[in-house]
Amino acid sequence: MGVEYVSVQWNRQKKFYDAVLVGGVAAFLVIFSVLTKVLFPRVTDEIMLIRAFGTGAFLLLHIILCIGPLCRLNPQFLPLLYNRRHAGVTCFLLGLIHAALVVITYHAGSDTNPILSIFVSSPINGSVSSVPFQPFGFFALIILFLMAATSHDFWLANLSAPVWKSLHMLVYVAYALLVLHVTFGVIQGEGSPLYVGTVALGLVTVLGLHITAARREVALDSESRLTPHASRPTESQSLVTSSPTEDEFVDACAVADISENRARIVCLSGERVAIFKYEGKISAVSNVCQHQNGPLGEGKIVSGCITCPWHGYQYQPDTGASPPPFVEKIPTFNVRVKNGRVFVHPKPNPAGTRAKPATIDGSSRREEAHSVTGNSESLVTLAATKK
Amino acid sequence: MNDEFYIGWEAKAAPGIGKTLRKAVVCLLVLAVLVPVLLAMSQRMIGVSVFEWGAVKSFTGVLRTQPYPHLLVPRPGTNDYHTLQSVINSPASASAYHLVAPWKFGLDRASIATFDGKSVSLKGTLIYRGNQTMIEVMPDSIRATNTASTIGLPSVVPLGRQTLLGEIVDSKCFLGVMNPGHLTPHRACAIRCISGGVPPVLLVRQKDGPAIYLLLVSADGKPVNKQVLYSRA
Ligand code: HEM
Ligand code: FES
């Protein structure tokens, strides 16, 4: 697969995102420094800056970590996710400045190599205050560096999505290391209840949001998990034809369950499949976006293409291929519609293979009308389709 | 159902999403203001100490290398004893300035041995905290002067065996080069400084009254940097 270099578009939303990011970071640094200087005029400027940049980076990391679960709980937060890469790189740069100032202030100009000193200048003697907290920060910085350095889509394509994804899951390791970094570092020194409280509140927020989002996802998954023959025995049995390949088609949902230009996500043999309804047709594709594994089933058909909710990558619903000049491809699934129900073959077609969309036939339209029940409009539709 | 959908590469977000976004941005900006205010205000480690960085002054006095290099500068008038250490270290008629080298090093005692007990002039930067004073000496600025030394050795006042609980700090950072310059965040730096020959000080915080600074020396008045570094208390 070739790698395309597509120039980054600086649109209004991206500019707004970066303006808020830079403005927020600048406000944080200035307020922390000026207030420290006013309250404690004798503070050493380097240490004031070490603290400003360290806490700034740590707060930004909390915000970055919360965006993911927030978006899963409410898609209205997706704009925060769109440019999260810039926030990540900014977090690394703040951490780097913090670490550089620490090395210059606390380690340079001694009888030992300053980088080596991070590791050897904290002998352990069994007391809590001797836990070497600085190496924790060092390894967190390495992870943040690897993530920032590979954050461009160029690396995503070159490293392959799974490798890239696991690399970026290391952010949780970095976060854990930093919690240890401050717990055994500045909290041991400052010991103020507010410092302890702030770190604890941050930890509870990050964990709480992740647990809530994960719980919801598990609940949704078990609701939509389908195995061949297992669900809705009466209906599907009556519909399954005798051909052995067709036999395996699985009753996934009712046509009426899907809103126009949107999808329903079902779980087929452990894999999430997004079933889209558009222009009187049904197509099913893998739920996983080639870009960064965004949930395509939470996307929408825009100008005839499935559009990912995360960064707006697009795929044609029947072929799973991005419209030219883009080259991303996702697996498709064979679908059928009968009596208002959608049947999906659980075996994915190779990425980019065209699967004929199922047309929503008269009977399904009727079903659909039934399911809207009650009002006169649906009766009219029913009458029309019968004709 | 609200069918709004956000696409980052579009120029404008749908109105409902835009509204949520504006609220989120306001919350984030509030965080960016509130968190630094709270954290900056709750700092407790920063004391009152001074490093006159950039201001090099000349000093004259009698240089002594034992137990750690220091300069005794005659002073007129009163005995100004605040701490146990000043009782021990300062003769009534002189102020004592600890002498250290730039960065994380003490003065090399071998190179100043010839000046021991002599009147000298030197250039350096003042460091002080409370009544404790120190000079970061400019390299090679120590010169012998012709004036005869008028300062006698300090009288020794035995205070008997005592048990003290405190924190070992490196005198240079704690007295002012770094503020805050103690406790866990500063531990690695203190270890490098003490390893580089900066005099180790035992900082004893008293419930009532000012903290006491005790220069740590061996029973026979020798430096104990190595012992301090390798003791695993
Ligand atoms: C080589 C890497 C690092 C080293 C050697 C290091 C070292 C230190 C030191 C010595 C302190 C105590 C500062 C003081 O209060 O005097 C500190 C505090 C802190 N560090 Fe790091 N750090 C590193 C990386 C990081 C990174 C990557 C982050 C966050 C992204 C971070 C976040 C913090 C925070 C939040 C504090 C507490 C701030 C405060 O002092 O009030 N550190 N670090
Ligand atoms: S994950 Fe980035 S566009 Fe789909």
Side-chain angles (χ1 to χ4, degrees), chain A residues 9 11-14 20 23-25 27-28 31-32 35-36 39-40 42-44 47 52 55 59 63 75-80 82-83 105-107 109-112 117-118 121-123 125 129-130 133-134 184-186 188-192 194-195 198 259 262 299-300 302 307 309 311-312, chain B residues 1 3-13 16-21 24-25 28-29 31-33 35-51 102-105 176-189 191-193 195-197 229-230 232-233:
Chain A
Q9 302 288 315
N11 62 31
R12 194 176 147 271
Q13 297 195 63
K14 258 194 177 173
V20 171
V25 168
F28 183 102
I31 292 172
F32 188 96
L35 196 60
T36 302
L39 293 173
F40 312 99
R42 294 295 181 202
V43 70
T44 300
I47 297 178
T55 43
L59 174 64
I63 294 170
Q76 294 226 309
F77 286 110
L78 279 166
L80 297 178
Y82 181 62
N83 235 358
T105 309
Y106 291 151
H107 299 282
S110 80
D111 55 4
T112 303
S117 169
I118 295 175
S121 298
S122 304
N125 65 18
S129 63
S130 80
F133 74 97
Q134 298 198 41
F184 292 106
V186 81
Q188 296 297 315
E190 286 293 347
S192 116
L194 220 125
Y195 261 74
T198 313
S259 340
R262 292 284 191 167
K300 187 179 177 180
V302 176
T307 307
H311 313 93
Chain B
M1 180 201 157
D3 202 34
E4 282 189 352
F5 184 65
Y6 176 78
I7 306 178
W9 41 259
E10 281 181 348
K12 216 164 159 22
I17 292 175
K19 221 170 126 195
T20 311
L21 185 58
V25 165
L28 288 176
L29 292 180
L31 269 186
V33 171
V35 174
V37 167
L38 289 179
L39 290 181
M41 278 173 39
S42 60
Q43 292 175 104
R44 299 196 295 199
M45 282 170 69
I46 306 170
V48 179
S49 64
V50 179
F51 177 37
W103 298 101
K104 299 186 198 318
F105 292 100
V177 170
M178 288 187 204
N179 186 7
H182 59 121
L183 292 177
T184 310
H186 194 79
R187 184 166 177 262
C189 181
I191 285 174
R192 292 272 59 83
C193 283
S195 168
L229 283 180
Y230 298 111
R232 295 287 159 89

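Convention: sequence-line order gives letters A, B, ...; per-chain numbering from 1.
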Go through B/C189, B/C193, B/P102 and name the one with the most non-hydrogen pairs under 4.5 angstrom from chain A. B/C189
Side-chain donor-acceptor pair under 3.5 Å between A/T36 and B/Q43, yes or no? yes
Per-residue tally against chain A (heavy atom, under 4.5 Å) across B/E10, B/R44, B/K12 peaks at B/R44
At a 4.5 Å cut-off on heavy atoms, which part of A/V302 comes close to chain B: side chain, backbone, both, or neither? side chain
Who among A/T55, A/T112, A/V186 has the most heavy-atom pairs with chain B under 4.5 Å? A/T112
Regarding B/Y6 and A/Q13, do their side chains bring together a donor and an acceptor under 3.5 Å, going by distance alone? yes
Looking at every non-hydrogen atom in both residues, tell me the closest pair between B/R187 and A/P123 and how far apart they are. NH2-O, 2.6 Å
Specify which of B/M41, B/M178, B/H182, B/H186 makes the most heavy-atom pairs with chain A at under 4.5 Å. B/M178
Name the region of B/L39, side chain, backbone, both or neither, that has any atom closer than 4.5 Å to a heavy atom of chain A. both
Are A/S121 and B/R192 close enough that a side-chain donor and a side-chain acceptor fall under 3.5 Å? yes
Heaviest contributor of heavy-atom pairs below 4.5 Å to chain B, chosen from A/T105, A/I118, A/T198, is A/T105
Counting only non-hydrogen atoms closer than 4.5 Å, does A/F184 touch chain B with its backbone (N, CA, C, O), its side chain (CB onward), both, or neither? backbone
From the list B/I7, B/L28, B/L31, B/L183, the residue making the most non-hydrogen contacts under 4.5 Å with chain A is B/I7
Please classify the contact of A/S122 with chain B as side chain, backbone, both or neither, using a heavy-atom distance under 4.5 Å. both
Who wins among B/S49, B/G18, B/A24 for the most heavy-atom pairs under 4.5 Å with chain A? B/S49
Would the distance check show the side chain of A/S130 and the main-chain N or O of A/N125 forming a donor-acceptor pair, the cut-off being under 3.5 Å? yes
Interface check, chain B: of A/T44, A/V20, A/L80, A/L35, most non-hydrogen pairs under 4.5 Å belong to A/T44
Residue pair A/Q134 / B/P185: nearest heavy atoms and the distance that separates them: NE2-O, 4.3 Å
With only heavy atoms counted, which part of A/H311 is less than 4.5 Å from chain B, the side chain, the backbone, both or neither? backbone
Tell me yes or no: between the side chains of A/Q76 and B/T20, is some donor less than 3.5 Å from an acceptor? yes
Hey, which of B/V33, B/V37, B/T184 has the most heavy atom pairs under 4.5 Å with chain A? B/T184
Pairwise distance OG(A/S192) to CE(B/M45) - rounded to 0.5 angstrom: 12.0 Å
Got a donor-acceptor contact below 3.5 angstrom from the B/E4 side chain to the B/I17 backbone? yes
Donor-acceptor contact present, side-chain A/R42 to main-chain B/G176, <3.5 Å: no
Among A/L78, A/L39, A/I47, which residue has the highest count of heavy-atom pairs closer than 4.5 Å to chain B? A/I47
